[in-house]
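Before any comments, here is the structure.
Reminder, nothing fancy here: chain letters follow the sequence lines and each chain counts from 1.
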Amino acid sequence: MKSPYNHSDYYTEPLPRNFYAYSAPAAAQRLIGCILYRQLEDGRTASGRIVETEAYTQDDPACHAFNRRTRRCEALYGAGGHAYVYFTYGVHFCFNVVCGSEGWAEGVLIRAVEPLTGLEMMAKNRGIDTFEIQTVRKKRLLCSGPGKICQAMQIDGAFNGHDLTTGCHLWISRRHDDSIKILSGVRVGISKAKDREWRFMLEGSTFISK
DNA sequence: ATATCGATTGACT
DNA sequence: GTCAATCGATATA
């Protein structure tokens, strides 16, 4: 029952590889406002606007790839435009967009998304009553955190290394509005390099984490 | 082999 | 505000 997604629309087609060929802090800002798409095997889709990101680089003490090249963070060393998905706290998955060039680890953690379509599916995945997400306040519960996004959009370890430029299963499309403003701040939940202001947020969004 | 802790979340005081 | 859940990756020996 698979229904291919319609990529003829300028706004829904996946961003090309070169979109990601920037260092993480730059890529993290480029990704604000872009649309994250998830299509399940059965054809159902969910999407949301990326409103919060964080940058991590190989020479950054807070990065998983800081000490050495390990099995877990191998995907971070790939070419830009791939996914790095890891499991943390024994409970949650977190989704990163690999950026920069192959051989140098850089990634952007997607921390919060404004739900746009597929809200019922996301609510079900999050264990939230579909009737309740009518209000903005309840919509926030769907994707206002990296673990929540993965649970809502069914992103798990199987997506580690996934190519985001193919437009299949999981991809990102361009920003619709270029007049947005981006706020920055310190990253959340880390113990090293706390001072770097590598967290970026869409100004005015009510769908930020925390 | 064993110990520690984490790019989090939700429940509870 | 505090804290448990829960497990794999990593560090240390």
Check nucleotides 8-10 of chain C for protein N or O atoms closer than 3.5 Å to its own N or O atoms and list the pairs.
residue	atom	partner	partner atom	Å
C/dA9	O3'	A/R72	NE	3.4
C/dT10	OP1	A/T70	OG1	2.3

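Within the structure, a side-chain polar atom (N or O) of A/S191 is placed less than 4.0 Å from OP1 or OP2 of B/dG6.
Comment: A/E13 engages A/R174 in a salt bridge, judged by a side-chain N to carboxylate O separation of less than 4.0 angstrom.
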Base-pair map of DNA chain C as dot-bracket, where | denotes pairing with a different strand and pairs are Watson-Crick or G-U under 3.5 Å: |||||.||||||.

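Spacing between atom CG of A/L31 and atom C1' of B/dA7 amounts to 16 Å, rounded to whole angstrom units. Spacing between atom CD1 of A/I208 and atom P of B/dT9 amounts to 13 Å, rounded to whole angstrom units. Whole-Å rounding puts the A/K210 NZ to B/dT8 C1' distance at 9 Å. Put simply, OH on A/Y84 is 9 Å from C1' on B/dA7, counting in whole angstrom units.
The cationic group of A/R49 does not satisfy the cation-pi geometry with A/F207, failing either the under 6.0 Å distance to the six-membered ring centre or the 45° limit from the ring axis.
Listed for the A/R111 side chain is no donor-acceptor partner under 3.5 Å among the backbone atoms of A/E52. Judged by distance alone, the side chain of A/H162 and the main-chain N or O of A/W171 form no donor-acceptor pair under 3.5 Å. The closest donor-acceptor contact from the side chain of A/R30 to the backbone of A/F19 lies under 3.5 Å. Checked by atom type and distance alone, the side chain of A/R140 pairs as donor or acceptor with a backbone atom of A/I208 at under 3.5 Å. Side chain of A/S173 to backbone of A/Y11: a donor-acceptor contact under 3.5 angstrom is found. In this structure a side-chain-to-backbone donor-acceptor pair under 3.5 Å is missing from A/R187 to A/E197. In this structure, the side chain of A/R17 engages the main chain of A/G80 through a donor-acceptor pair within 3.5 Å.
At a non-hydrogen distance threshold of 4.0 Å, nothing from residues 124-160 of chain A comes into contact with DNA chain C.
On a pure distance criterion of 3.5 Å, no polar donor-acceptor pair joins the side chain of A/Y89 and the base of C/dA5.
Within 6.0 Å of CD on A/E120 lie no more than 12 heavy atoms contributed by other residues, nucleotides or ligands.
Residue contacts for A/I190: at a heavy-atom cut-off of 4.0 Å it reaches the sugar-phosphate backbone alone, with no base atom in range.
Here, C/dC3 and B/dC5 have their C1' atoms 16 Å apart, quoted to the whole Å.
Using a 30° and 60° split on the angle between ring planes, A/F93 and A/F87 fall in the tilted class, from 30° to 60°.
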